[in-house]
Asks: 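Below: one structure in structure tokens.
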Amino acid sequence: MKLLAAASAAPGFLQVVAMGLITVFVVLICLIILIKIMGALMAGSAKSTAPQPVPQPAPAPVPAVPQPNKQQLVAAISAAIAEDMGSGVNHIKIHSIRKL
Amino acid sequence: MKLLAAASAAPGFLQVVAMGLITVFVVLICLIILIKIMGALMAGSAKSTAPQPVPQPAPAPVPAVPQPNKQQLVAAISAAIAEDMGSGVNHIKIHSIRKL
Amino acid sequence: MKLLAAASAAPGFLQVVAMGLITVFVVLICLIILIKIMGALMAGSAKSTAPQPVPQPAPAPVPAVPQPNKQQLVAAISAAIAEDMGSGVNHIKIHSIRKL
Amino acid sequence: MEAIQNFLESTGFAVIANEPLDLVMLAISCVLLYLAIVKKFEPLLLLPIAFGMLLTNLPGAGMYHADYFAGGVINWEELGTGHGGLLDYLYLGVKLGIYPCLIFIGVGAGTDFAPLIANPKTLLLGAAAQLGIFVTYIGANLLGFTPAESGSIGIIGGADGPTAIYTTATLAPHLLGPIAVAAYSYMALVPVIQPPIMKLLTTKEERRIKMKQLRPVSKTEKILFPIMVTIFVSFMLPSAAPLVGCLMLGNLMRESGVVERLNKTVQNELMNIVTIFLGISVGATATAKNFLNLQTLAILAMGVVAFGMGSAGGVLLAKLMNVFSKEKVNPLIGSAGVSAVPMAARVSQVVGQKEDPSNFLLMHAMGPNVAGVIGSAVAAGVLLALFG
Amino acid sequence: MEAIQNFLESTGFAVIANEPLDLVMLAISCVLLYLAIVKKFEPLLLLPIAFGMLLTNLPGAGMYHADYFAGGVINWEELGTGHGGLLDYLYLGVKLGIYPCLIFIGVGAGTDFAPLIANPKTLLLGAAAQLGIFVTYIGANLLGFTPAESGSIGIIGGADGPTAIYTTATLAPHLLGPIAVAAYSYMALVPVIQPPIMKLLTTKEERRIKMKQLRPVSKTEKILFPIMVTIFVSFMLPSAAPLVGCLMLGNLMRESGVVERLNKTVQNELMNIVTIFLGISVGATATAKNFLNLQTLAILAMGVVAFGMGSAGGVLLAKLMNVFSKEKVNPLIGSAGVSAVPMAARVSQVVGQKEDPSNFLLMHAMGPNVAGVIGSAVAAGVLLALFG
Amino acid sequence: MEAIQNFLESTGFAVIANEPLDLVMLAISCVLLYLAIVKKFEPLLLLPIAFGMLLTNLPGAGMYHADYFAGGVINWEELGTGHGGLLDYLYLGVKLGIYPCLIFIGVGAGTDFAPLIANPKTLLLGAAAQLGIFVTYIGANLLGFTPAESGSIGIIGGADGPTAIYTTATLAPHLLGPIAVAAYSYMALVPVIQPPIMKLLTTKEERRIKMKQLRPVSKTEKILFPIMVTIFVSFMLPSAAPLVGCLMLGNLMRESGVVERLNKTVQNELMNIVTIFLGISVGATATAKNFLNLQTLAILAMGVVAFGMGSAGGVLLAKLMNVFSKEKVNPLIGSAGVSAVPMAARVSQVVGQKEDPSNFLLMHAMGPNVAGVIGSAVAAGVLLALFG
Ligand code: NA
Ligand code: NA
Ligand code: NA
């Protein structure tokens, strides 16, 4: 390693950065989607089956927000698709999401 | 290992079983004898010497049963001898034990 | 190793003993000096700077003893010098220390 | 671009195409996690085992390499150059027989042998309950397993996790996964497996037998017991010395009363640490190749037979003892001889109280229960002596 | 006399004449001890690291031999003949990647992912805060470090000690000393480094945004989360499996509720023991030759840049999210995405309350905070996949 | 039938015919267990040592193989192929010098050096009490032991278990058994060995000397002390660095106050675990061949001489100091300089109070007592430098 010398690995290191950031974002965005799916399934099964025997006491009145959940799901999926198509973070444009 | 094939180790495996069961029984029967001897020695030394300074509080009135102890000792020794003579568990016959 | 045989390592083993005892004494005497220097520095800095925010409660009234401390410092240094000059423990003679 | 290509090819999705069975293993590990967490099947070991199984089957993760231990030979070259994964290194404690011994020190420190010392003839029940081990040995032989494999499968019937793992790690390490899963699952299922057998083999009258109260056991006896057992059993069967010796070392720490801080540590922190390491690395051996085959099904089937036969053996010998002895034994305590401490003893208590709510069998069942631990260690010693 | 001569030549005073830089290292280790003890800079790790650095630079003491690990190859011959010192043997746990994984089990057991599950989009902040890692990677490359070295330096920006040590032990073990010191020192300096950046990049109005209360998270979700994350992340990036898998094993132990005694041990005794071994042996790699050079200064400089850029990345992405989403996010929680759990989240809370004492950001900041742990493990996985 | 024949030949009863001395060793281990449990002779170490001795002498058990460590060379081939027993693997921590260092971290964390810092001249007593080490070295040499063996025997006089084991494991591993037994037995016998010597060498007036109260020691001094001692002693004597460094690392953890959870763990769980491993594996080296010979008797005899001479050395130097110093020292605290913390200091207190019930020597005796730990570590360093 030559300190302060010209970087010998120049061709490629931007690729590393791109690949790294894209991977981090793709993985974590997919996790967002998975968590939302999990939450949706929980909510669904909670409705269809008997309530949990020992529900956690809600720390304060929490308004039920089923609709935004679905929208965020759509949003996250769109984002993930955009990512998957290879565009960097800066190029994401989400056109279709509106708050109803 | 060929699953469900004819057992190639057939000649011998019954010996293994016999040896295994006999060993387990012999060892544990000898332990019975040793524990009884230990108990007898304890009882003996407890009588001949001063009583234990802090005797464990008996959880309930326990009838003293010195005689059965000795009989069981005889029984266990007999059993061990029978084992030692090579007979399997099924062939043990104890003739001489009677409750006085 | 021949037990009870004539010691083959005879030439040298007294050297080992001398070196060992001298080293132990030199090292520990130097530690005495270092601890005293540390204590002196502490006392000095305690005076020159603000007092410690949470001073340890003294277990009982402790008379301040600055002078003996300095004397002991001199004594220990003298002892260390004596040691350094190669004399054994038995040959130390300290002439110059008097209690003021 | 080539880098991206390589990168994509290294993802689990690319690897899984060649190893589709890994998905099945992941599903199985999730089922085991479900059993451990929701059904509470011996969670202290089944949760780590299941998670180890999950980790080992993540395609490309390289946390365990079955080929570094292929043929029972440890590939020190790969391990020594740092190519091993976490589970490879932790597995060394299983492979070298260290963890089961350390756990047995903790087990011994947690075991009270007083009920056995007070009523030593319950050792016979602990011996009879090893019947399952040897019956299963025959069955496995007939199914075509090698003698060493058959011994490892039989030991499931010992109902004792560390003993089963110690024996299998020596005799048939490639079967560690299924055998450990079977052993711990069936130990958890003792309350399901045993009661029908116990009821089938006993009459209502037998189940109502009340046993006379156990005599108090002196501290001296409790201290002498582990020393005596270590020396005697090891003389009779040197191959049982590591298991029995460690069990009794722990027990001596407990009963001597002079090393309380060591006693506490071996029962708690040391045992917990070793349990985690043991669990996840035993689970790691359950790769698709080792686990997904007819053998595993055969092992699971024979395991339950082993448990059942062991329980039956204990009950039947108790009945036999009643033929010869005036002081009657409630045969329900016989099934506790399989060990599975203290669950099997609790099962005896519960089944007994169904017939007569005033009958307290728990302490009486603890005798055969702890005898069963010694019994399976001895049986393991026989198998190790013959095939190790 | 010759013996005395040899003896005197073996003292540290004689050795130091040839290695005068050791004195500088001793002074540096004392400064680090001062930072750990008086300034309370992450003392749980910095104190052992500093003392390890002290021990390794005692001339002639031989407690650590850098040459037994030269070129990334472990000299088993010397170690196996007992010539190694205590720190050589303890260092094996670092070199073989064992300690960071074990610590991550404890970290997972101590982490509550509920704020993240309740508000999963904070994962984006945890992703954005990894910006520092990759920006620093570029910088290190430009300064002439090799790609593997650059990756190890960049990972300082992950603000996660075990991840940094795990990555560096594989990619650039000769830089372990400075990288560990930088990582833990800057983690301690989070309350100093982050607030100016946070204020610079946000308006007063943004800092006063109140976020709506988090929904309660069910026990089932908390249990499924670690299993899901382990499987999914490992599929996407197998090289991240050891870190993520261990983190999630610990978390499953916590959330399952069925292995409380294991949970307690991994968070306490196991973690403490491994922390000491890790700290003193990582510190031991900081020999004068490895530490006293321009590289170390460059690493320290780039480390602080990495922290700053990561914090900025999180804040800026939070602002970007507010452009597209009606449900506003307080951008102060973005900086918590660097991890440095829970200090960075506390910094968000403190800076937020300075603008509006009624604003409680702590729980909201815990989302990106724990997301940052996952984020840096993923980033480490990328670097390990490319250069490992 | 042949199988049965082989089986019978493998029992301990068959093996013992060829190794009848094993029975003597088993008897000795039972005597040691008696001393540990009933007489409470340092049970935390003597119980594991005695049980390790018992396990190693069980004929055919194979839990320890002296020949895998013959001639000071570790037979990695046998150990690496899994042929080792539990005690072989645990013994590696002794052989490689790991356990004594880890125990010293715990000892340091448990030691309060304040009485020494308050009255540093008591270090002279801690130095004088090492007289026993070197007098015994001469005696062992004259009896025909090699210099390395003589040094290991002498170190018994250091009255410090980990130091004795660390030194002996390097210089004369074949003598570990008798030396460890002697060291721990005599440490337990300090209340028997020391009082007659103390009374013989002191006048009634000397025994009644009251010492002035110790000054309070500031927290800063307590924190600087371990750092200073580590650096200085290691410079003077690099071979003492492992022991002194670990002792002082533990003490710094204690005094710094910022790593309380590490401090707690090194004093408790880590120390307990290592104590067990150390004890049973040191005991395991006491095979009949190594233990049952005239050497052992000679070692036991010289050990008690070493203890006595050390105690006398401390007392006599205290008297000498009183000749030169106006501030009188009660010579009864001199014997505490052998270490054996805190028992020797308690003996000083008890003997002093017999003359004058109002005289509280305990805190004054703690100074030489902890100085003795440093003193023996330094003496060990000298021996290791010369013969290691
Ligand atoms: Na059993
Ligand atoms: Na991070
Ligand atoms: Na000493």
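Lettering of chains follows the sequences in order, A, B, ..., and the numbering in each one begins at 1. Since the model is a prediction, treat every value here as computed from it, not as a measurement.
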Asks: Heavy-atom distances under 4.5 Å only: say whether E:S256 touches chain D with side chain, backbone, both or neither.
Replies: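 For E:S256, heavy atoms of backbone and side chain both lie under 4.5 Å from chain D.
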Asks: Please classify the contact of E:I231 with chain D as side chain, backbone, both or neither, using a heavy-atom distance under 4.5 Å.
Replies: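 Contact with chain D: backbone and side chain both.
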Asks: What part of D:L54 is in contact with chain E, defined as an atom under 4.5 angstrom from a non-hydrogen atom: side chain, backbone, both or neither?
Replies: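 Contact with chain E involves the side chain of D:L54 alone.
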Asks: Chain E contacts: which residues in residues 269-277 of chain D have a non-hydrogen atom closer than 4.5 Å to it?
Replies: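 Within residues 269-277 of chain D, the residues that come under 4.5 Å of chain E (heavy atoms only) are D:E269, D:M271, D:N272, D:I273, D:T275, D:I276, D:F277.
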Asks: Can you tell which part of D:F51 gets under 4.5 Å to a heavy atom of chain E, answering side chain, backbone, both or neither?
Replies: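 Contact with chain E is through the side chain of D:F51 alone.
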Asks: Minimum heavy-atom separation for D:M63 to E:C246, with atom names?
Replies: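 Where D:M63 meets E:C246 most closely, the heavy atoms are CE-SG, 4.4 Å.
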Asks: Just to be sure I understand the criterion: a residue of residues 25-38 of chain D counts if one of its heavy atoms is under 4.5 Å from a heavy atom of chain E. Which ones qualify?
Replies: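 So the qualifying residues are D:L26, D:C30, D:L33, D:A36, D:I37.
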Asks: So for E:I74, is it side chain, backbone, both, or neither that comes closer than 4.5 Å to the heavy atoms of chain D?
Replies: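 For E:I74, the contact with chain D is made by the side chain alone.
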Asks: Where on D:I280 is there a heavy atom nearer than 4.5 Å to chain E: the side chain, the backbone, both, or neither?
Replies: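 Side chain only.
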Asks: Taking every non-hydrogen pair under 4.5 Å, which of D:G60, D:G80, D:G85, D:G52 racks up the most with chain E?
Replies: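 Sorted descending by pairs with chain E, the first entry is D:G80.
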Asks: Using heavy-atom distances under 4.5 Å, tell me whether E:L237 contacts chain D through its side chain, its backbone, both, or neither.
Replies: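 Looking at E:L237, just its side chain touches chain D.
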Asks: If you look at every heavy atom in E:G245 and D:L55, which pair is closest and at what distance?
Replies: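 Distance-wise, the nearest heavy atoms are CA-CD2, 3.8 Å.
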